[in-house]
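Atoms within a ligand are numbered from 1 in the order they appear, just like the ligands themselves.
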Amino acid sequence: MKKKILILNTGGTISSVQTETGYEPAPGYIAAAMQSIPAFRHPDLPSYHIEEYNPLLDSSNMTVSDWNRIASDIATHYDQYDGFVIFHGTDTMAYTASALSFMLENLAKPVIMTGSQIPLSEIRNDALDNIITSLWLCAHQPIQEVCIYFNQRLLRGNRAQKVSAELFNAFDSPNCPHLARVGIHIELNHELLRPAPQQAFCLQPITPQFIANFRLFPGFATDVLDFLLQSPLRGLILETYGAGNAQNNDPRFLELLLAASARGIIIINCSQCQQGRVSMNQYATGYSLKQAGLISGHDMTPEAAHCKLLYLLSKNIPLDKVKILIEQDLCGELSH
Ligand code: ASP
């Protein structure tokens, strides 16, 4: 039987047309264009229904409430469809993919996010293949997780990062192998795919939380961090150097972090490097962060760490439990 896929069109370049002020998502455009392209009626493709968001968004405008809407649309239609394809702008797609991977607990169906660097409305575009292959993967492969499909790459959503504002290879997952080799043949990396969940699917919405990512740079004023930590902050993703290192010749910096951890602010140590992992025992400059109460983000991307913290804080569980879960692999976002 033909599979049924729900497409959620949230906006982005993929559904844009050229206007006097640059590309803008155009209501109704994608549905009309797909209707007029014979490839979308090919027997190898699933049947699909498009739900278009109003307003269509450039993904730079997305907020937690948009993530909740996408997740709740998937939950509402979970039993009616075999899989879900989300058209989304590329700018914040890695954040949405990470957030959804946590929110859609015990997911047993494919959720594939895609977009494009050139709109479908242009003659030279990367949208057509991204849509066709996303639909095909959704209908024919045993995917049970949130992925990004983009320019012949199938990536785990919570491992992906936008790596190019220019090339068709806009996304990569530098710390996690690709989930498929896509060429003349499509070969899934079955060992890497998420296994079938043991429990029933359920949705965990997220509530906005006062958290921040702070990227260290040489010579930053400790006062900036002080200011941030004095606010009613609940959590901080500290983006450190290399294997999770930061200056340890500035006692005030370490005292501020220690005092904030003692007040219950969760501080996650994530590396600025795209490959490798945080290892706070490797250098004295990392060890002092461990002593200051930082939790290791291991090999999580800063995007995934941010969304995971939001998700865990939204569950209203004790802080000790949040700290333990931060360091555990919940849905493929982290490896030990
Ligand atoms: N600014 C656009 C967006 O993120 C970029 C894109 O879709 O490629 O919505």
Side-chain angles (χ1 to χ4, degrees), residues 7-34 37 50-71 73-74 84-101 103 111-135 137-138 146-174 178 182 206 213 274 301-304 306-307 310:
I7 297 176
L8 299 175
N9 180 20
T10 70
T13 297
I14 192 168
S15 47
S16 291
V17 297
Q18 189 65 264
T19 70
E20 276 171 14
T21 54
Y23 285 140
E24 249 188 285
Y29 176 76
I30 278 274
M34 285 175 68
I37 298 172
I50 304 178
E51 197 86 31
E52 183 169 277
Y53 284 16
N54 178 16
L56 288 167
L57 292 175
D58 183 299
S59 74
S60 310
N61 285 320
M62 287 233 171
T63 65
V64 166
S65 78
D66 299 300
W67 300 346
N68 278 326
R69 170 157 185 209
I70 298 169
D73 283 345
I74 291 172
F84 302 85
V85 171
I86 303 169
F87 295 167
H88 194 289
T90 58
D91 289 346
T92 65
M93 194 188 294
Y95 282 94
T96 307
S98 294
L100 292 177
S101 75
M103 300 164 78
V111 173
I112 300 186
M113 302 193 61
T114 196
S116 67
Q117 296 281 60
I118 304 182
L120 184 63
S121 57
E122 298 283 355
I123 180 69
R124 258 192 82 245
N125 73 74
D126 53 331
L128 191 59
D129 175 66
N130 286 349
I131 300 175
I132 287 177
T133 308
S134 296
L135 284 170
L137 286 165
C138 223
V146 178
C147 303
I148 290 181
Y149 176 76
F150 213 95
N151 197 38
Q152 328 235 321
R153 288 177 172 171
L154 183 69
L155 309 173
R156 171 154 298 146
N158 54 32
R159 295 292 197 137
Q161 293 187 297
K162 183 168 179 180
V163 294
S164 177
E166 179 78 24
L167 301 175
F168 286 150
N169 268 335
F171 289 92
D172 205 349
S173 55
H178 298 175
V182 180
I206 51 182
N213 283 40
Q274 290 193 310
T301 63
E303 291 91 329
H306 180 100
C307 296
L310 269 181

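Using a 4.5 Å heavy-atom threshold, the side chains of Trp67 and Leu310 count as touching. Counting heavy atoms from C-beta outward, Ile131 and Ile14 have side chains that approach closer than 4.5 Å.
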For a quick test of your reading: what N or O donor-acceptor pairs under 3.5 Å do the side chains of residues 85-95 make, sequence neighbours left out?
from	atom 1	to	atom 2	distance (Å)
His88	NE2	Thr96	OG1	2.9
Thr90	OG1	Lys162	NZ	2.9
Asp91	OD1	Lys162	NZ	2.8
Asp91	OD2	Ser60	OG	3.2
Thr92	OG1	Ser59	O	2.8
Thr92	OG1	Ser59	OG	3.3

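In this structure, Phe84 has no ring-ring contact (aromatic ring centres under 6.0 Å, His included) partners at least two apart in sequence or on a different chain. With sequence neighbours excluded, the residues forming a ring-ring contact (aromatic ring centres under 6.0 Å, His included) with Phe150 are Phe171, listed by chain and number.
Near ligand 1, residues Gly12, Thr13, Asp58, Ser59, Gly89, Thr90, Asp91, Ser116, Gln117 each place a heavy atom inside the 4.0 Å sphere around the ligand atoms.
The residue from Arg159, His178, Gln274, Gln161 that alone fulfils the side chain to side chain donor-acceptor pair (under 3.5 Å) condition with Asp172 is His178.
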